[in-house]
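First the structure, in the form of structure tokens, and then the observations on it.
What you see below is based on every heavy atom in this structure, not just the backbone, and it leaves out hydrogens, waters and symmetry mates.
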Amino acid sequence: MRRSPRAGRAAILALAALAALLAGAAGFGLGWGLHKPVLSARAYAQNRLIAVQVHLDEAPPDYVFLAGDSQAELQPPAQRPCGLELVNGGVSGSSAAVYADLVETLSFRGRPRAVMLTIGTNDLMRKNSPLDPKAAAQFEAAATRIVRRLMQVTDTLVVTALPPVGRDLERVLEPGAVGAYSERLRALCERLGCRFADPFAALRDGGSGLATPGALRDGLHLAAYRPALLALAPALCRTAPH
């Protein structure tokens with residue numbers, strides 16, 4: 001049976017549309033921005049930040065705010081750190097530079113009791129040479145912007161170390177930057193007055209930046225998030241010094 005030219009063109013267009021859809025899904029789906037973290041995160045954030053702002057606007061006077069990338073966003077929302085409501089402002093796929101821009105757009109009507117920031121996973125891509133001094137300095141500069149903004153809205157800001165990465169993603173991500181960037185965040189907090197904590201220490205294989213077996217679900221995200229937030233309770237819930 002001979003296909004008409006119109007039917008042939010329709011089939012070609014349908015295949016092209018399907019290919020574009022699959023390509024887009026792959027670009028954002030693998031590791032929440034593993035391929036194109038900046039473009040993907042900014043597109044996703046347009047809708048994500050609407051939900052975050054709605055929750056901020058309706059939050060009680062006392063609450064805990066989570067900031068950062070997917071390592072923050074994937075925290076289960078039913079948790080009550082310090083016995084307080086949790087407002088999750090994590091945006092999957094965000095690099096430090098992307099989140100520095102995003103957090104500036106949020107309005108905090110009430111001051112959170114404490115804020116947790118986890119950022120840096122999307123800055124580890126080997127193609128961006130994260131161990132190059134220039135790239136590392138850019139990460140620190142973006143992290144500084146985030147920290148300064150969050151310290152404007154809370155008296156207690158806890159910045160975490162970077163979680164480890166899986167061995168199956170070692171060709172894509174630079175595990176050596178996990179420790180290096182974590183130390184930059186530690187020094188940043190010492191300089192600016194935030195608190196640094198490492199709830200992922202037990203998940204790392206020594207100082208390699210790689211995860212221990214079973215620590216991650218997909219080479220990038222934790223197999224269990226509740227223990228990490230629970231480990232932060234001493235830093236989050238301690239009364240800020242005056």
Side-chain angles (χ1 to χ4, degrees), residues 26-41 66-75 90-100 116-144 146-147 158-190 194-229 231-232 235:
F28 187 63
L30 180 58
W32 276 269
L34 196 56
H35 291 299
K36 297 179 179 180
V38 174
L39 296 178
S40 297
L66 301 188
D69 51 31
S70 59
Q71 310 292 4
E73 186 178 350
L74 291 179
Q75 282 287 351
V91 180
S92 295
S94 294
S95 64
V98 168
Y99 199 78
M116 180 203 81
L117 170 65
T118 300
I119 197 72
T121 292
N122 293 292
D123 293 277
L124 300 179
M125 297 181 68
R126 284 187 182 274
K127 70 176 185 179
N128 296 328
S129 304
L131 290 178
D132 180 87
K134 182 178 179 180
Q138 289 173 341
F139 167 77
E140 184 174 341
T144 300
I146 300 171
V147 167
V158 178
V159 180
T160 77
L162 275 66
V165 299
R167 295 183 185 278
D168 52 338
L169 291 182
E170 195 172 356
R171 63 180 180 82
V172 180
L173 303 176
E174 174 53 74
V178 170
Y181 281 23
S182 295
E183 286 305 312
R184 283 181 176 265
L185 293 175
R186 183 194 299 274
L188 176 61
C189 277
E190 290 176 354
C194 50
R195 298 173 181 172
F196 179 84
D198 186 359
F200 312 116
L203 306 181
R204 293 194 196 87
D205 185 4
S208 66
L210 294 168
T212 56
L216 306 179
R217 66 178 63 242
D218 55 7
L220 194 66
H221 301 101
L222 307 187
Y225 277 89
R226 290 176 185 267
L229 188 57
L232 289 172

| said: Quick one: does any side-chain atom of Asn128 pair with a main-chain N or O of Pro130 as donor and acceptor, under 3.5 Å? | reply: no
Can any side-chain N or O of Gln75 pair as donor or acceptor with the backbone N or O of Leu66 at less than 3.5 Å?
no
Requested in this report: Check whether any side-chain N or O of Asp198 sits under 3.5 Å from a backbone N or O of Thr160 as a donor-acceptor pair, and report yes or no.
Outcome: no
In this structure, CG of Leu117 is separated from SG of Cys189 (nearest 0.5 Å) by 8.5 Å
### Query
Is Glu190 reaching over with its side chain to a backbone N or O of Phe196, donor-acceptor style, under 3.5 angstrom?
no
Shortest non-hydrogen pair, Ala96 vs Asp123, comes out as N-OD2, 3.0 Å
Taking every heavy atom of Ser94 against every heavy atom of Ile119, the minimum-distance pair comes out as O-CD1, 3.8 Å
Hey, mind stepping through Leu131 and Glu174 against side-chain contact (heavy atoms from CB on, under 4.5 Å) and telling me if it holds?
-> CA-CA 8 Å; Leu131 290 178; Glu174 174 53 74; 3.7 Å; yes
task: Answer yes or no: is there a donor N or O on one side and an acceptor on the other, between the side chain of Arg195 and the main chain of Ala235, under 3.5 Å?
output: yes
To the nearest 0.5 Å, atom OG1 of Thr144 lies from atom CD1 of Ile146 at 9.0 Å
Would you confirm whether Ser129, through its side chain, and Asp132, through its main-chain N or O, come within 3.5 Å as a donor-acceptor pair?
no
Shortest non-hydrogen pair, Gly219 vs Leu169, comes out as O-CD1, 3.4 Å
Query raised in the report: Taking Ser182 for the side chain and Leu162 for the main chain, is one N or O donor matched with an acceptor at less than 3.5 Å?
Result: yes
**Prompt:** Is Arg167 salt-bridged to Asp205, cutoff N-O under 4.0 Å?
**Reply:** yes
In terms of heavy-atom contacts, His221 and Leu74 come closest through CD2-CD1, 3.5 Å
In this structure, CG of Asp69 is separated from CG of Asn122 (nearest 0.5 Å) by 5.5 Å
Output for pair (Cys194 SG, Leu185 CG), nearest 0.5 Å, gives 8.5 Å
Practice item. May I ask you to decide if Leu173's main-chain N or O and Arg126's side chain share a donor-acceptor pair within less than 3.5 Å? Key: yes
Taken to the nearest 0.5 Å, the spacing of Met116 CE from Leu229 CG works out to 6.5 Å
Rounding to 0.5 Å, atoms CD (Glu140) and CG (Leu188) come to a distance of 6.0 Å
